[in-house]
Amino acid sequence: MYDLIVIGGGHAGVEAALAASRMDKKVAIVTMDASKLALMSCNPAIGGVGKSHVVKEIDALGGIMGEAIDATGIQFRRLNLSRGPAVWSTRVQADRVKYNQYIVDFVNSDKNVEVIEALAGELLVKNHKIEGIKTESGEAILSKTVIIASGTFLGGLIHIGEKKIKAGRFGENAAYKLSESLKSIGFKTGRLKTGTPPRIDGRTIDWNKCEIQPGHEPIPFFSSRSRREPFKQTPCYLTYTSEKTKEIISTNFHRSPIFSGQVDSTGPRYCPSIEDKFYRFKDKDKHQLFLEPEGNGTDDIYPNGFSTSLPEDIQRLAIRSVIGMEEAIVTRPGYAVEYDYCPANQIKPTMETRLVQGLFLAGQINGTSGYEEAAGQGLMAGINAVLYIEKEKPFILDRSEAYIGVMIDDITTRSTTEPYRLFTSRAEYRLAMREDNTRDRLMEKGEKLGLLSGREYSLFVSLQAETSRIEKQLPKIQLRTSQIGEIGKRFIRTDMTTLENLVRQPGLSISTTVSYIEEFAPELSTNREAIERAIISVRYSGYVEKQQREIDKFKKLENEKIPSDFDYSSIVGLKTEAKEKFTLFRPSSLGQAGRIEGVTPGDVSVLSIYLTRIKSIAI
């Protein structure tokens, strides 16, 4: 008997298992291959716009993703630095093999986690309550809770041209019986699609024809726990398709499963295949590609932007038409993979299913895409599985607290018809949810849940105190404008100024302002992170205060709770469509009800009046 069984050893499954372990529960990860935990099936990188915020949030709650990529990354970059801190993002190129091995070693060293090599075949359910699983070989494994984190393996079908292969990943079996088990219980399922590019032998690429993309210094680590010696970063390269590429792909649209009718499921809008790009953007003669090494110990190159499911012969021709890849050798073909998913209106914000108690879903089974989105869901599912066992109040992050909260709210209040991807633009309160204040938002919550060590939390409390001390000193320290050179004179018209006034100048970049403080007020602090945090806090305090008023209004609606078994059909004056939507999505609050697609402000107003009337009668 386990406390928790996690089906799937991908990024969602690993975070779920480790979260439950940190909360002192006995966990079994059931996966087909114990050596492939958190294997990067597609792009060998972690982070990116919006996604990096999730990685930082996972780290603030004790998760492993940030720590693992910091230890095994080969190139680190910060994105959107020309814009405000709210949209700054971090992206790290991984050594794919080392990342996977880091996770395997970490999980194997955890005494609360056991990895079982098996293929999950059936859910054991009694009286709408999970009791465990049965493997395809017939072995029953009992547990108090189960998390399904199946990735693309649930009913997986790979497409390469006209060729079809039953697999969840190249060379690996798919899980068909588990999919049938879900359907037999009563879960509604659909089909989605994702894809991956061919891999290229880097020794056959003419790098002189490509544009180098170096990493950033100092290295922007994800995890507050990371300690790594300085190292030489591995560059990526930028190149472009040619008119010849367009000609080859355009004349072979009919051989692509996406256009031939062989695949009718929806793929990710924000990561289209190369054939889809040339079809949708007919006026563009070329598309950029990023050539990304899969590690320092391999010659395999990932051509980011060239996802395809064309036949292998066409892939080879098209690759050799790309600038710098005229002699390139394809070491593995690209492919599309279709898989089953469960529309996320069937889960609660806790990730627990509405149909079966103690059963949780995390990752691509909920209609999302990406390692980071999956890991964030896995973390939340693992935490809430433990709280379910202990009969404690569930842990839910709302849209004003975390990008994880934005993601879960999005997928549970909207009909998922395409793989969901997280962006900073999806967050209404992104000024208050930056990378730099992730620990301020979440670390105390993690400490209370038992997800963090006492030492880790105390170190952060010290950082908070140092940041606050610097903020209070900034208006007290004066300097001559002439000291800060021509850049300073351009923004400040007086002879004397304070550090606080210097910090508030929007024309000065954060990094430049940090360097000024380090040079002219070295006594203020030796902690560069604390200085940067203080600068951002002071510079954006007015904007954040304004956004906080919006958050307060949001919280008011979120606090208007709706009973889970509420009968919407009884509300007189509520439109039939609204009744159907509310019954389908089962909003937990008035605020969430208003975010369901197809629901109007008038519907929410009617619901609000009815809820108020019920409360007054109860009193």
Side-chain angles (χ1 to χ4, degrees), residues 6-17 29-32 36-43 45-46 48 50-51 54-55 58 65 119-120 146-159 166-170 172-176 178-179 181-183 187-196 263 265-273 307 309 335-347 351 353 359-382 404 407-408 410-412 414-422:
V6 178
I7 299 175
H11 301 276
V14 165
E15 293 293 354
I29 298 177
V30 177
T31 182
M32 285 182 274
K36 294 182 177 178
L37 300 180
L39 185 68
M40 294 181 174
S41 307
C42 197
N43 62 309
I46 296 292
K51 292 170 175 283
V54 172
V55 182
I58 291 168
M65 178 173 269
L119 187 55
V146 171
I147 296 173
I148 303 178
S150 49
T152 59
F153 286 80
L154 203 65
L157 183 64
I158 282 177
H159 299 265
K166 286 188 175 183
R169 187 162 54 204
F170 197 80
E172 297 181 55
N173 292 330
Y176 276 82
L178 181 60
S179 188
S181 179
L182 281 164
K183 293 172 187 175
F187 285 97
K188 293 181 175 64
T189 64
R191 295 285 278 177
L192 291 176
K193 175 190 76 71
T194 189
T196 190
V263 173
S265 52
T266 308
R269 180 188 309 185
Y270 304 103
C271 189
S273 66
S307 175
S309 57
Y335 60 85
V337 56
E338 285 187 290
Y339 55 93
D340 289 339
Y341 81 106
C342 294
N345 60 279
Q346 298 172 99
I347 63 171
M351 315 306 291
T353 64
L359 176 64
F360 297 75
L361 308 182
Q364 284 174 286
I365 191 173
N366 288 327
T368 60
S369 68
Y371 310 141
E372 303 82 0
E373 289 91 339
Q377 293 171 68
L379 176 80
M380 297 300 286
I404 291 175
M407 169 180 61
I408 293 174
D410 278 350
I411 64 174
T412 55
R414 289 164 171 79
S415 299
T416 310
T417 56
E418 63 183 47
Y420 174 93
R421 181 177 176 178
L422 196 58

Glu172: salt bridge (charged side-chain N to carboxylate O under 4.0 Å, His left out) partners, not counting sequence neighbours: Lys36, Arg169

Val55 side chain reached by Glu372 side chain, heavy atoms, under 4.5 Å: yes

Flag side-chain contact, heavy atom, 4.5 Å: Leu359 against Phe187: yes

N/O donor-acceptor pair under 3.5 Å between Tyr341 side chain and Leu154 backbone: no

Derivation of the side-chain contact (heavy atoms from CB on, under 4.5 Å) call for Phe170 and Ser41: CA-CA 9 Å; Phe170 197 80; Ser41 307; over 6 Å; no

Non-hydrogen side-chain atoms of Leu182 and Ile148 separated by less than 4.5 Å: yes

Minimum-distance pair of heavy atoms, taken over all atoms of Ala12 and Ala362: CB-O, 4.1 Å

Spacing of OG1 belonging to Thr368 relative to CE belonging to Met407, to within rounding of 0.5 Å: 6.5 Å

Name of the residue among Thr196, Leu192, Ile158 meeting side chain to side chain contact (heavy atoms under 4.5 Å, CB included) with Val337: Ile158

Short side-chain donor-acceptor distance under 3.5 Å, Ser179 and Asp340: yes

CG-CD distance between Leu422 and Glu373, expressed to the nearest 0.5 angstrom: 5.5 Å

Distance-minimising heavy-atom pair for Val6 and Ala16: CG2-CB, 4.3 Å

side-chain contact (heavy atoms from CB on, under 4.5 Å) between Arg269 and Arg421, intermediate numbers included: CA-CA 9 Å; Arg269 180 188 309 185; Arg421 181 177 176 178; over 6 Å; no

Any residue meeting side chain to side chain contact (heavy atoms under 4.5 Å, CB included) with Asp410, in chain and number order, not counting sequence neighbours: Arg399, Val406, Arg414, Tyr420, Arg426

Spacing of Thr353 atom OG1 and Gln346 atom CD [to the nearest 0.5 Å]: 8.5 Å

Euclidean distance, His11 NE2 relative to Met40 CE, rounded to 0.5 Å: 5.5 Å

Close side-chain approach of Gln377 to Glu15, heavy-atom, < 4.5 Å: no

Heavy-atom pair with the smallest gap, counting every atom of Ile411 and Ala344: O-CB, 3.2 Å

Any side-chain heavy-atom pair of Tyr339 and Ser265 under 4.5 Å: no

Side chain proximity check, Cys342 to Leu361, heavy atoms < 4.5 angstrom: yes

